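Input: a single structure, listed below in structure tokens.
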Amino acid sequence: MTKNEIADVLTEIATLLELKGENPFKIRAYQNGARNLEALEDDLGELISSGELSKLKGFGDALVQKITELFETGKLEFYEKLKASVEPGLVSMLEIPGLGAKKIKAMHKALGLDSIEALQKACEEGRVAALKGFGKKTEEKLLLGIKNREAYGKRHIWWAARAVADPILAGLKALPEVVHASHAGSLRRKRETVGDLDFIVGSDEAKPIMDWFVAQEGVAEVTAHGETKSSVRFESGLQADLRVVRPPQFAFALHHFTGSKDHNVMMRQRALSRGLSLSEWGLKPVEDETFENSLVAETEEDIFSHLDMKWVPPELREGLGEIEAAEKGELPKLLEYSELKGVFHNHTVASDGRNTLEEMTAAAEAKGWEYWGVADHSKASFQANGMNEDRVLQQLEEVHALNTSGKFKTHVFSGIECDLLVDGSLDLSEALLMKLDYTVVSVHIGFTQSEEEMTARIIKAIEHPATTMIGHLTGRILLRREPYKVNTQKVIDAAIANSVIIELNANPKRLDMDWRLWKRAAEKGLMTSINPDAHRTEHFEFVEAGINAARKGWLGAENVLNTRSLDEVTSILSLKRNHLKESLSS
DNA sequence: GCCGTTTTCGGCCCGACTGTTTTCAGTCG
């Protein structure tokens, strides 16, 4: 069983224990275990066999034993027994908003409800409202929750969530009562997907702001409308929360609601170790009853400063080492949008893009880029109008003509997105590929191979002397398609050994390779390229999503090929090509 | 279930909102 599959089992164990009414701290231990496992960058098998796993924080004897059993046998007796003891319908009932383990247990006990269907029927018949602790409103809410489960349960890609959030934030900032306003939560942390939108406002007059917020266009339902917090659901299913605090509390609230939860827990523990208590209302001595004498924080920087740390960029606040780095003053200088000097992996009308070589060049120049690279599909991607040898040569001539025409200041690199065939060979000959400036190698077919086959296939491509970079390493489409199975650590090591780049595909639906893997990979020496995979000029904008992911992966300009100048990139690419020539002549 | 130079037992982050309650439990983030 893989690391992530084991993490899923631990999460499910936590859920089942919750439904059984187990000790909440035991439940948390399993949840932490799952999260820690997912964040693990080392090879799990090695950690287990070397005994290193039990030395890591959060992995005690019980968890190590269970993880080992799952890893080695793919099964866990404890889990099987636990699962058999809980009705599966109870687990699915947790998906309904407002329904937690305790209420589910209560309804199961009193009414024998063991599925969402049974719950719906009971609500319609008024049997739930008759229960102690439940009422008419609860019943109505549950029915609505069941009805909207499909649309509301979904997460949203960051790019789409941001498009909804920006006008709301602008609207808030335009209100006369608003002193400070910001988005928060996973949107501000730039997670690849966002569950809901969080807004924080600093103001002395909350009511008109709340009233404006719940009366916005497109609001389908107001789920809360209190003095400090309001929540709405838009017709799209996206939920948005607004919290209004007084201006002196704004920085504390912003920090608190930006999270993540793990980051906040560590920050609170750090405060406690200094005799202070941190919450969204302030930072006060533990013994104080109120926040009246809270330390002052004009900005988030002040909060971190009170705890003897440098400000941590929101992208890093995932509880993955940022606290330790901040206290040592070892936070990285993260990649900035302005540092990009060009992009690779883009398509034109020659394959499945919408714009011509000239249009793309003009768009790249308008962005102030020194260069861009064309990488249309190769012939095996028939559905994407992939190019055969003749068309590749023809495009190469067009690129050359454009570069020498003096029409644009922006240089065009000639590349290709070459299909990686099922047997690990490339779709075009070495002789042809060496005529181009670079090669992006991507998997577009044969997704269902085993992990061993896929890993071997990709490593074979990495060892091919013409390969400059690997495109969208795992093929995932966020919220739609799971990644294909591949041992990323082995691929990363092979890429480093062969001086091959792994792209960070910046398409907001891909963001592949995942940000969680970059910190460790870059430390080991892996280089990336922020690649928009543009199929039209507007898609160049995708680099913003790629930069978000790079920042979440602790990457700085030094880790990224396309922060290099035209001259530097030219020499890096030709170095790789010269190796190819040597290998062909030998 | 995890953790520990104060503890191997007794802690484990903190607060708002809702609905059902006359003081609080459950849920959520």
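Given the structure is predicted, the values throughout are model-derived calculations rather than measurements. Each chain gets a letter, A, B and so on, in the order the sequences are listed, and its residues count up from 1.
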Exercise. Does the side chain of Leu76(A) reach to within under 4.5 Å of the side chain of Ile13(A), using non-hydrogen atoms?
Worked result: yes
Problem set entry | His256(A) side chain vs Leu278(A) backbone, donor-acceptor pair below 3.5 Å | no
Problem set entry | Enclosure of Glu292(A) CD (heavy-atom neighbours >12, cutoff 6.0 Å) | no
Exercise. Can you check the Gln31(A) CD to dG29(B) P distance for me, whole Å?
Worked result: 13 Å
Exercise. How does protein contact run along nucleotides 15-22 of chain B, one letter per nucleotide 5' to 3', with B for base contact, S for sugar-phosphate only, - for none, heavy atoms under 4.0 Å?
Worked result: SSSSSS--
Problem set entry | Distance between C1' atoms of dA16(B) and dG11(B) (Å, rounded) | 25 Å
Exercise. More 5' along DNA chain B: Ile96(A) or Asn264(A), using each one's nearest nucleotide?
Worked result: Asn264(A)
Exercise. To the nearest Å, how far apart are Glu18(A) CD and dG1(B) C1'?
Worked result: 15 Å
Problem set entry | Touch class at under 4.0 angstrom, heavy-atom based, for Ala271(A) against every strand present | nothing
Exercise. What is the distance, rounded to the nearest whole Å, between atom CD of Glu95(A) and atom C1' of dT27(B)?
Worked result: 16 Å
Exercise. Going by distance alone, is a donor N or O of one side chain under 3.5 Å from an acceptor N or O of the other, for Arg155(A) and Thr193(A)?
Worked result: yes
Seminar exercise, completed: residues 99-108 of chain A vs side chain to side chain donor-acceptor pair (under 3.5 Å), sequence neighbours excluded, gives none
Exercise. Atom CZ of Arg189(A) and atom C1' of dG29(B): how far apart are they, to the nearest Å?
Worked result: 11 Å
Shorter than 3.5 Å, N or O on both sides, protein versus nucleotides 7-9 of chain B: list them out with atom names.
none

Problem set entry | Pairs satisfying side chain to side chain donor-acceptor pair (under 3.5 Å), at least one member in residues 157-167 of chain A, at least two apart | Arg162(A)-Glu544(A)
For this session: Using only heavy-atom distances, decide whether a donor-acceptor pair under 3.5 angstrom links the side-chain of Asp196(A) to the base of dG29(B).
Result: no
Problem set entry | Side chain to side chain, His225(A) and Asp211(A), heavy atoms closer than 4.5 Å | yes
Exercise. Which residues satisfy the side chain to side chain donor-acceptor pair (under 3.5 Å) test with Arg28(A), sequence neighbours excluded?
Worked result: none
For this session: Write down the distance separating the C1' atoms in dT23(B) and dT18(B), rounded off to the nearest Å.
Result: 15 Å
For this session: Using the salt bridge (Lys or Arg N to Asp or Glu O under 4.0 Å) rule, pick out the option among Lys229(A), Arg243(A), Arg188(A) that qualifies with Asp198(A).
Result: Arg243(A)
Exercise. What does Leu99(A) touch in the nucleic acid at a heavy-atom separation under 4.0 angstrom: a base, only the sugar-phosphate, or nothing?
Worked result: sugar-phosphate
Exercise. On a whole-Å scale, what distance lies between the P atoms belonging to dT20(B) and dT27(B)?
Worked result: 13 Å
Exercise. Which whole number of Å gives the distance between the P atom of dG10(B) and that of dG15(B)?
Worked result: 25 Å
For this session: With heavy atoms under 4.0 Å as the rule, sort Lys105(A) into base, sugar-phosphate or nothing.
Result: nothing
For this session: Please report, rounded to the nearest Å, how far the C1' atom of dT27(B) is from the CG atom of Leu94(A).
Result: 11 Å
For this session: Examine the side chains of Glu221(A) and Thr223(A) and answer whether a donor and an acceptor come within less than 3.5 Å of each other.
Result: no
Problem set entry | Heavy-atom donor-acceptor pair, Thr73(A) side chain to Leu70(A) backbone, under 3.5 Å | no
Exercise. Between Gln489(A) and Asn487(A), do the side chains contain an N or O donor and an N or O acceptor separated by less than 3.5 Å?
Worked result: no
Exercise. Considering only the C1' atoms, how many Å lie between dT6(B) and dG1(B), rounded to the nearest integer?
Worked result: 23 Å
Seminar exercise, completed: In whole angstroms, the gap separating C1' of dG1(B) from CG of Leu16(A) amounts to 16 Å
For this session: Would you mind checking if Glu139(A) and Lys136(A) are paired as a salt bridge, meaning a charged N to carboxylate O distance below 4.0 Å?
Result: yes
Could you write out each protein N or O paired with an N or O of nucleotides 3-6 of chain B at a distance under 3.5 Å?
| from | atom 1 | to | atom 2 | distance (Å) |
| --- | --- | --- | --- | --- |
| dC3(B) | OP1 | Gly58(A) | N | 2.4 |

Exercise. Does Lys103(A) place a side-chain N or O at less than 4.0 Å from the phosphate oxygens OP1/OP2 of dA25(B)?
Worked result: no
Exercise. The side chain of Tyr30(A) lies closest to which of these nucleotides: dG1(B), dG29(B), dG26(B)?
Worked result: dG1(B)
Exercise. Arg270(A) has an atom CZ; how far is it from atom P of dC14(B), in whole Å?
Worked result: 17 Å
For this session: Using atom CD of Gln239(A) as one end and atom P of dT27(B) as the other, report the distance to the nearest whole Å.
Result: 17 Å
For this session: Pick the C1' atom in dC2(B) and in dT7(B), then give their distance to the nearest Å.
Result: 14 Å
Problem set entry | Complement of dC2(B), any strand, by Watson-Crick or G-U distances under 3.5 angstrom | dG11(B)
